[in-house]
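Data block below; observations after.
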Amino acid sequence: MNAIADKDFLRHWDELSQFGAVPGTHGVDRQAGTAADGEQRKWFESLLTEHGFRVERDAIGNQYGLLELVPGAPYVLTGSHLDSQPTAGRFDGAYGVLASAHACLRAAAELGESGEAKYNLAVVNWFNEEGSRFKPSMMGSSVFTGKLPLETALNTADRSGVTVYEALGKLHELGDFTMPEVASYAEIHVQQGRSMEADGVTIGLVNATWGAHKLEVRVTGDQAHSGAAEMADRRDALLGAARLITAARDLVDDFAPGDLHTACGEINVYPNSPVVVASEVTLLIDLRSPHTEVLDAAFASLEKTIAEVSERDRLEIEIIGEHRWEQNPYPENGIALAREAAAELGLTHDRVMTVAGHDSTNMKDVAPTVMLFVPSVSGISHNLREYTSDKDMLAGLAHLAGVVTKLAKDGLDRE
Ligand code: GLV
Ligand code: MN
Ligand code: MN
């Protein structure tokens with residue numbers, strides 16, 4: 001098999017970046033299960049097929065490209081996600097999927113001829129990593145790793161009531177494939193932070209993930225005339241939600257600088273009408289920390305605030321959904337393997353934590369996992385202006401190919 005060159009990667013990258021492109025920008029809008037997602041999946045399937053992969057999809061729409069080098073052997077799986085947030089950058093996830101496909105081809109070219117491969121190779125495009133249209137995030141890898149029941153995921157509806165099952169069915173992206181045994185997993189991603197750029201590091205060896213606790217909260221009050229109703233009579237759901245939003249921000253100041261990040265990224269107001277006191281609001285609060293005890297304390301404090309706001313403003317406030325992952329490490333033997341691959345290529349590298357969640361956050365709990373970063377200019381992410389240079393993308397691809405080759409040849413023990 002012929003290895004494909006850097007220029008082929010860049011050409012494929014330009015093609016991929018056209019799907020869901022936002023006019024006048026370098027960014028994209030291709031949320032999970034939308035038409036743009038369907039189009040990029042079909043394009044990816046053709047690309048894989050043309051290059052000798054067998055393409056499959058499973059019951060939650062994870063898309064796989066398999067290259068069998070050693071019949072019957074387990075697989076080195078590598079990938080990320082093609083879906084995006086609304087009006088987002090083109091790198092988040094998509095870079096990792098395309099780099100993984102190319103890395104598999106490079107590893108196959110190197111190992112195929114020498115007969116040194118111990119494992120097969122596969123690329124994966126995980127369904128709905130972003131969780132913007134269908135919550136929670138990391139849906140495909142959560143189902144794959146048994147953390148989320150398939151039925152729950154398929155029955156999850158977007159804001160207009162369309163379920164995952166319906167959206168994927170319409171795109172013909174539901175399958176019945178079961179991925180064979182995974183010997184190890186590798187993922188590369190843009191950093192979405194600015195420390196690597198500041199430190200002049202090309203390859204990030206991800207050694208741990210921050211913990212996250214995401215809450216979906218429903219505030220229920222009573223609809224009223226926003227002018228006529230007596231102030232004392234009001235049960236204003238939007239007022240309660242506003243107090244929770246500012247409380248989440250103020251929480252940050254109760255901890256050491258850098259120990260807690262918080263935000264409310266989504267709010268839905270009913271009836272959301274000019275002369276009406278809102279009767280119901282749902283909001284999403286996101287708490288992140290590199291320390292489990294900080295995350296626990298922040299959550300406990302927010303629960304207390306919920307009780308206080310509920311009493312003060314005479315509202316019912318309920319946590320109706322939660323998604324949490326813990327602060328925990330990536331395996332040290334994977335970091336050592338990745339460090340060796342970077343040193344062989346003469347690439348600067350350093351250990352770095354991931355603040356954002358990734359599908360590898362799930363995968364590392366079931367398979368030996370390597371997580372890698374390349375720099376993000378100014379750390380801008382979930383933004384149309386997200387940017388990583390071609391030079392860094394190509395360095396990351398060379399590195400990932402080295403890592404995948406080592407994984408396929410030598411394997412990685414479970415720590
Ligand atoms: C990813 O799902 C994240 O929330 O960081
Ligand atoms: Mn991502
Ligand atoms: Mn993202």
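In what follows, residues are counted from 1 in the order of the sequence shown.
Shortest non-hydrogen contact noted between S195 and V352 is OG-CG2, 4.1 Å. Contact detail for S100 and T78: the closest heavy-atom pair is OG-OG1, 2.8 Å. Among all heavy-atom pairs drawn from V276 and P271, the shortest one is CG1-CG, 3.5 Å. Heavy-atom minimum distance, T163 versus N155: CG2-O, 3.9 Å. Closest approach of V377 and E197 over heavy atoms only: CA-OE2, 3.5 Å. Considering every non-hydrogen atom in both A241 and I267, the closest pair reads CB-CD1, 4.4 Å.
The salt bridge (Lys or Arg N to Asp or Glu O under 4.0 Å) contacts involving residues 150-159 comprise R133-D158, R159-E266, where partners must be two or more places apart or lie in separate chains. Legend: ring-ring contact (aromatic ring centres under 6.0 Å, His included) pairs involving residues 307-345, not counting sequence neighbours, sorted by first then second residue: H323-W325. For residues 220-268, the ring-ring contact (aromatic ring centres under 6.0 Å, His included) pairs, not counting sequence neighbours, are W210-H261.
Residues that satisfy the side chain to side chain contact (heavy atoms under 4.5 Å, CB included) test with R249, not counting sequence neighbours, are V252, D253. Partners of N272 by side chain to side chain contact (heavy atoms under 4.5 Å, CB included), not counting sequence neighbours, listed by chain and number: V269. By the side chain to side chain contact (heavy atoms under 4.5 Å, CB included) test, E230 pairs with D233, sequence neighbours left out. Checked against salt bridge (charged side-chain N to carboxylate O under 4.0 Å, His left out), R234 has no partners two or more places apart in sequence or in another chain. Every residue meeting the side chain to side chain donor-acceptor pair (under 3.5 Å) condition with D37, not counting sequence neighbours, appears here in chain and number order: Q40. In this structure, the side chain to side chain contact (heavy atoms under 4.5 Å, CB included) partners of R312, at least two apart in sequence or on a different chain, are R243.
With rounding to the nearest 0.5 angstrom, the NZ atom of K170 is 13.5 Å from the CD atom of E173. Interatomic distance, CG of D222 versus CG of D236, reported as 10.5 Å (0.5 Å rounding). The OG atom of S360 lies 11.5 Å from the CG atom of L77; values are rounded to the nearest 0.5 Å. Remark: E332 CD to L205 CG distance equals 10.0 Å, nearest 0.5 Å. Here CD1 of I60 is found 7.5 Å from CG of L174. Values are rounded to the nearest 0.5 Å. Considering CG of D254 and CG of D259, their distance stands at 12.0 Å, rounded to 0.5 Å.
Counting heavy atoms from C-beta on, the side chains of Y119 and Y75 never come closer than 4.5 Å. Considering only heavy atoms from C-beta on, H382 comes within 4.5 Å of Q192 through its side chain. A 4.5 Å side-chain heavy-atom check between Y387 and H26 finds every atom pair outside the cut-off. Side-chain contact between V219 and E316: absent, with no pair of heavy atoms (C-beta onward) separated by less than 4.5 Å. Considering only heavy atoms from C-beta on, S381 comes within 4.5 Å of D92 through its side chain. Looking only at side-chain heavy atoms (C-beta outward), P290 and M353 come within less than 4.5 Å of each other. Within the 4.5 Å cutoff, no side-chain heavy atoms of R339 are placed close to those of I203. A heavy-atom distance below 4.5 Å is not found between the side chains of K214 and P136.
Ring geometry for Y95 against F9 counts as perpendicular: the plane angle is over 60°, on a 0 to 90° scale with 30° as the lower cut.
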In residues 298-311, what donor-acceptor pairs under 3.5 Å come from side-chain atoms, sequence neighbours left out?
residue : atom : partner : partner atom : Å
T305    : OG1  : S301    : O            : 3.1
S310    : OG   : L315    : O            : 2.7

Name the atoms and distances for all side-chain donor-acceptor pairs under 3.5 Å in residues 175-186, with sequence neighbours left out.
residue : atom : partner : partner atom : Å
Y185    : OH   : G79     : O            : 3.1
Y185    : OH   : W126    : NE1          : 2.9
Y185    : OH   : E187    : OE1          : 2.7

Validation: residues 280-288 side-chain donor-acceptor distances under 3.5 Å, sequence neighbours left out:
residue : atom : partner : partner atom : Å
T282    : OG1  : N268    : ND2          : 3.3
D286    : OD1  : R288    : NE           : 2.7
D286    : OD2  : R288    : NE           : 3.4
D286    : OD2  : R288    : NH2          : 2.9
R288    : NH1  : V355    : O            : 3.4

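If you look at H51 and H102, their ring centroids are not closer than 6.0 Å.
Under the 3.5 Å distance criterion, the side-chain polar atoms of T348 are matched with a main-chain donor or acceptor of T202. Put simply, the side chain of H399 gets close to the backbone of A338: a donor and an acceptor are under 3.5 Å apart. Checked by atom type and distance alone, the side chain of S160 never pairs as donor or acceptor with a backbone atom of V162 at under 3.5 Å. Panel note: side chain S137, backbone E130; no donor-acceptor pair is recorded below 3.5 Å. Side chain of T354 to backbone of A356: a donor-acceptor contact under 3.5 angstrom is found. Q191 contributes a side-chain N or O that, together with a main-chain N or O of M196, makes up a donor-acceptor pair within less than 3.5 Å. Side-chain atoms of N207 never come within 3.5 Å of backbone atoms of R351 as a donor-acceptor pair (strictly under, hydrogens ignored). Looking at R235, its side chain does come within 3.5 Å of a backbone N or O of R314 through a donor-acceptor pair. T34 contributes no side-chain N or O that, together with a main-chain N or O of R30, makes up a donor-acceptor pair within less than 3.5 Å. D199 contributes no side-chain N or O that, together with a main-chain N or O of V201, makes up a donor-acceptor pair within less than 3.5 Å.
Ion pairing of E326 with R324 is present here, as a side-chain N (NZ or NE/NH1/NH2) and a carboxylate O approach within less than 4.0 Å. Salt bridge present: E45 and R57 bring a charged side-chain N and a carboxylate O closer than 4.0 Å. Between D8 and R11 there is a salt bridge, with a side-chain nitrogen of the basic residue lying less than 4.0 Å from a carboxylate oxygen of the acidic one.
Checking N62, N128, N362, T361 one by one against S141, the side chain to side chain donor-acceptor pair (under 3.5 Å) holds for a single residue, N362.
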Inset, instruction - Applying salt bridge (charged side-chain N to carboxylate O under 4.0 Å, His left out), run through K406 and E340 and close with a yes or a no. - result: CA-CA 10 Å; K406 283 180 189 298; E340 205 177 289; 3.2 Å; yes
Legend entry - side chain to side chain donor-acceptor pair (under 3.5 Å) assessment of Q327 paired with H291: CA-CA 6 Å; Q327 188 286 340; H291 309 293; over 6 Å; no
Inset, instruction - Please test R218 against E216 for salt bridge (charged side-chain N to carboxylate O under 4.0 Å, His left out), starting from the C-alpha separation and ending with a verdict. - result: CA-CA 7 Å; R218 182 170 55 216; E216 186 171 9; over 6 Å; no
